[in-house]
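Everything below concerns the one structure shown next.
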2 protein chains.
Amino acid sequence: MNDTTPRSSARERLLQSAMTLIRSQGFAATSVDELCKAAGVTKGAFFHHFASKEALGVAAADYWSETTSALFAEAPYHAPEDPLERVYAYLDFRAELVEGETYEFTCLAGTLVQETFDTSPLIREACHRSIAGHTATIEPLVQAALDARGIGAPYTASSLALLIQTVLQGGFITSKAQGGPEPVLDAIAHLRRYFTFIFEGGETPAATKSAA
Amino acid sequence: MNDTTPRSSARERLLQSAMTLIRSQGFAATSVDELCKAAGVTKGAFFHHFASKEALGVAAADYWSETTSALFAEAPYHAPEDPLERVYAYLDFRAELVEGETYEFTCLAGTLVQETFDTSPLIREACHRSIAGHTATIEPLVQAALDARGIGAPYTASSLALLIQTVLQGGFITSKAQGGPEPVLDAIAHLRRYFTFIFEGGETPAATKSAA
DNA sequence: GTAAACATACCAACCGGTTGGTATGTGTCT
DNA sequence: AGACACATACCAACCGGTTGGTATGTTTAC
């Protein structure tokens, strides 16, 4: 092992660049040449590592899965002992991630699947794996909270876990349209309130207050 | 007025084709040539009506606004006398629209803004106009329901109206990823329940039932 | 007749992908 | 230990086709 070992391989740098470029421009608008230039490699290197541009799309979605699952594995929302508090902590964590440029807090899989779901089954499946995979990791969190309070249908862990992802994806879109993070943060706040109603019953809003 | 009057102009046919193609393939992946072929016009006609491909994108978003506002103006959800029932009817109507091929029930503005928000301010603004414009039409519905029950902060009509759009946009994405309409329908059902909690207080789920 | 609504022909730049090639390992038989 | 076979990682140049866009007609409506 010596200094000639590249700090990061061409493949890795291409995937890193793909994460940035695809999230800010979309997949179709990002050319292979542009990707190579951003990663500082040649086209030959690109097609050595990826059979086609579509294969890069699949690899980018898989790489996104790895990157995000590492991030969430280390996140602080696993700490609380109360299962419901872990769910709230997860939502708070997702809200904390909303900062910086818009493309930085949006989801690669969501962006990618939007423009390829009908034209590339392989990319669609990779994006589905990414979203469904993360959803599966928070399902036990929700399940534990449900069990702790004996809450049943129509509130299932899988349905609520997917709802969280749905609301976040939608928030990314309305935030992109408005040009600011407010819509997604507002949506997370509503989602948190929905969970409070489900898990803690919540007082009737009309009963709490009506005018200042 | 005679038969030589074109049933629909080249411009109209281009916008119609754009609605279909952009929703199923995305904006960047849809070429001007493809658009012309689908609309049955030549490239000369295209650039006679639109200064550039970007201008077509802006026009498509505006056309989408017109099309959808006509659809919603005629929709049956305005009928109920009770303001809250109108909100529920709106949600039910949105669920009824979810049928056919995936691209058919998804939103042009949402798809378009996702890949252009960072590269084309004009298209981004047109998509924002489309989404915010529709949101503004349902805001009075929510406001009336809020007023009827004296519900105040943190439940504002603008915030709740935008939440509906956010949840729908997110549902379109998770539905695209999964390859079926279930996620968006499931999300609408949750949203309806959230509104029930807000407006009707709702019983604590844990108190209603826990095991079959 | 003239202005808008189209069509035809064309262009330079760029697209995804392929080519033949080099440099650097890595195992493996003797 | 050294030579041969093979694999991996990468590169510069190039390919045919497609891209968004233009320049210049021709037809139609009033």
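Since the structure is predicted, the reported quantities are computational estimates derived from the model, not experimental observations. Letters A, B, ... mirror the listed sequences (proteins, then strands); counts begin at 1.
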**OP:** Taking ring pair (Phe, Tyr, Trp, His ring centres under 6.0 Å) as the test, write out the residues that go with B:Y88, two or more places apart.
**Re:** none
Original post:
Rounded to the Å, how far apart are B:L56 CG and D:dT19 P?
Top reply: 14 Å
Subject >> With A:E34 via side-chain hydrogen bond (donor to acceptor under 3.5 Å, both in side chains) - residues at least two apart >> reply: A:Q25
Original post:
Quick one: bend of the helix from C:dG1-D:dC30 to C:dT30-D:dA1 from 5 pairs per end, to 10°?
Top reply: 20°
Subject >> A:T174: partners by side-chain hydrogen bond (donor to acceptor under 3.5 Å, both in side chains), with sequence neighbours left out >> reply: B:T166
Original post:
Given atom CZ of B:R11 and atom C1' of C:dA7, what is their separation to the nearest angstrom?
Top reply: 19 Å
Original post:
Sequence neighbours excluded, which residues qualify as side-chain hydrogen bond (donor to acceptor under 3.5 Å, both in side chains) partners of B:E54?
Top reply: B:S120
Original post:
Restricting to pairs with a member in residues 99-128 of chain A, which pass ring pair (Phe, Tyr, Trp, His ring centres under 6.0 Å), not counting sequence neighbours?
Top reply: none
Original post:
Got a sec, which pairs hit side-chain hydrogen bond (donor to acceptor under 3.5 Å, both in side chains) with one end in residues 39-49 of chain A, sequence neighbours left out?
Top reply: A:D33-A:K43
Return a table of donor-acceptor pairs under 3.5 angstrom between the side chains of residues 73-85 of chain B and protein atoms on other chains or two or more places apart.
| unit_1 | atom_1 | unit_2 | atom_2 | d |
| --- | --- | --- | --- | --- |
| B:H78 | NE2 | B:F72 | O | 2.9 |
| B:D82 | OD1 | B:L84 | N | 3.2 |

Atom pairs and distances, side-chain donor-acceptor, residues 130-148 of chain A, under 3.5 Å, sequence neighbours left out:
| unit_1 | atom_1 | unit_2 | atom_2 | d |
| --- | --- | --- | --- | --- |
| A:S130 | OG | A:S65 | OG | 3.2 |
| A:H134 | NE2 | A:Y90 | OH | 2.7 |
| A:T135 | OG1 | A:I131 | O | 2.7 |
| A:T137 | OG1 | A:H134 | O | 2.7 |
| A:Q143 | NE2 | A:D147 | OD1 | 3.0 |

Subject >> Separation of atom CG in A:L14 from atom C1' in D:dA9, rounded to whole Å >> reply: 12 Å
**OP:** Could you check which residues of residues 26-37 of chain A get a heavy atom under 4.0 Å from DNA chain C? Sort them by number, please.
**Re:** A:T30, A:S31, A:V32, A:D33
Subject >> salt bridge (charged side-chain N to carboxylate O under 4.0 Å, His left out) contacts in which one or both residues fall within residues 166-187 of chain A, not counting sequence neighbours >> reply: none
Original post:
What are the residues of residues 38-50 of chain A, sorted by number, that bring a heavy atom to within less than 4.0 Å of DNA chain C?
Top reply: A:K43, A:F47
Subject >> Salt bridge present between B:R23 and A:D118 (N-O < 4.0 angstrom) >> reply: no
